[in-house]
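Below is one structure, written out as C-alpha cells; comments come after it.
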Amino acid sequence: MDLSHFLAGPFATIILGDLGADVLKIEPPTGDPVRNRPSTAWCRRSAGVMDLTGEAGGPPARVGYQIGHTAGGLWAAIAILAGLQGRNTDGATRHVEISLFDAQLSLLVWQAQDYLSHDVVYERMGTRHATFPPSQAFGCADGRYVYATPSAIPRWWAGYCTALDVSDNPQFAELADRQRTETNSSRS
C-alpha cells in the first residue's frame, strides 16, 4: 500500500510494480498533488540532464557528481536483488544488463513526463525549482546556503511565511500564482 505523494514514495512503488509487486496507491480525495500541478510555462524545446543543469541563459553544465554511474549502480543493485529473489522462488538464474544512459534517463521523472505529454523540456534555472517556486538555494547571513522548498503544500507555504515573519500575501496564496510570478520573473 502506497500512502505517499510527490516523488520519492511513488517512484519507489513504480519500481516495485515494475518488479511484479501488486501496489495499491491510496490518495486523498483530491488526488496526488503532483498530478494536479499547473503546467510549467517557462519551458522550451531542448535535450537531457546537462541541458537542465546550470544558470538560466548560460551553457549546459555537468552535474556535480557521477550521476550516470551512481544511478546505474542503484538500478543494478535493484535488478540483482530482484534476480536473487526470483532465483529463490523458482531456481532460475537471471541475466542483468544495465545502461548508464537509461539509468540516468529514468531519473528525469517530471521532465520526461512533461516532454512526452506536452513536448516541452524545462529551461536551466540554476538552483530554482520550476514546479514549486520559490524553491531554491537562499544565501544565509553566515555565508552558507540553505535549499528551501516551501510551497508544495499549502500548510508548508503558510509555515514558511510565518518562519520568515512575512505576511502570507494573498497574491501568492496558491501555487499557480507563485508559478505565474516565477514565469514572469524568469522572462525579465
Side-chain angles (χ1 to χ4, degrees), residues 4-15 18 32-79 96-153 156-157 160 163-164 166 172 175-188:
S4 65
H5 55 269
F6 286 105
L7 189 53
F11 189 65
T13 54
I14 285 171
I15 294 167
D18 287 346
D32 188 316
V34 171
R35 189 173 296 111
N36 299 316
R37 68 185 170 91
S39 64
T40 305
W42 53 89
C43 294
R44 62 181 165 83
R45 295 176 163 285
S46 180
V49 71
M50 276 187 54
D51 195 53
L52 294 169
T53 307
E55 293 299 323
R62 176 187 167 283
V63 175
Y65 66 98
Q66 294 69 28
I67 191 169
H69 289 272
T70 53
L74 289 171
W75 283 115
I78 291 168
V96 173
E97 194 170 310
I98 300 295
S99 159
L100 297 182
F101 175 78
D102 291 347
Q104 186 170 315
L105 188 62
S106 74
L107 301 180
L108 294 173
V109 181
W110 288 341
Q111 294 83 354
Q113 173 187 331
D114 285 345
Y115 176 76
L116 295 171
S117 300
H118 308 293
D119 198 29
V120 292
V121 175
Y122 291 80
E123 291 183 5
R124 286 184 293 280
M125 299 182 70
T127 67
R128 295 183 350 252
H129 192 288
T131 305
F132 301 116
S135 302
Q136 64 188 61
F138 294 95
C140 301
D142 65 0
R144 296 181 183 182
Y145 288 86
V146 62
Y147 190 90
T149 304
S151 64
I153 294 178
W156 292 354
W157 177 249
Y160 176 76
L164 293 179
V166 295
F172 307 117
L175 178 57
D177 298 325
R178 294 189 293 278
Q179 287 180 325
R180 267 191 296 283
T181 301
E182 176 67 29
T183 299
N184 293 336
S185 69
S186 70
R187 290 183 179 161
S188 322

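If you read the sequence from its start, that first residue is 1, and numbering goes on from there.
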For residues [X] and [Y], report the shortest heavy-atom separation together with the two atoms involved.
X: Trp157; Y: Pro134; result: CZ3-CD, 3.4 Å
X: Ser106; Y: Phe11; result: O-CE1, 3.7 Å
X: Ala61; Y: Gly54; result: CB-CA, 4.0 Å
X: Ala79; Y: Val96; result: CB-CG1, 3.7 Å
X: Cys140; Y: Val146; result: SG-CG1, 3.7 Å
X: Leu107; Y: Ala71; result: CD1-CB, 3.6 Å

- [ ] Given side chain to side chain contact (heavy atoms under 4.5 Å, CB included), test Leu52 with Leu108 step by step and report yes or no.
- [x] CA-CA 10 Å; Leu52 294 169; Leu108 294 173; 3.6 Å; yes
Task: Exceeds 12 heavy-atom contacts within 6.0 angstrom, atom OH of Tyr145 - done: no
Open item on the list: Using a 3.5 Å distance criterion without hydrogens, assess whether the side chain of Arg124 forms a donor-acceptor pair with backbone atoms of Asp51.
Closed with: yes
Open item on the list: Below 30° counts as parallel, above 60° as perpendicular, anything between as tilted: where do the rings of Tyr160 and Phe138 land?
Closed with: tilted
Open item on the list: Test of understanding: with side chain to side chain contact (heavy atoms under 4.5 Å, CB included), list the residues that count as partners of Gln66, not counting sequence neighbours.
Closed with: Arg62, His69
Task: From Thr70 atom OG1 to Leu100 atom CG, the distance as rounded to the nearest 0.5 Å - done: 9.5 Å
Task: Atom pair OG1 (Thr53) and CD1 (Ile67), whose distance is rounded to the nearest 0.5 Å - done: 7.5 Å
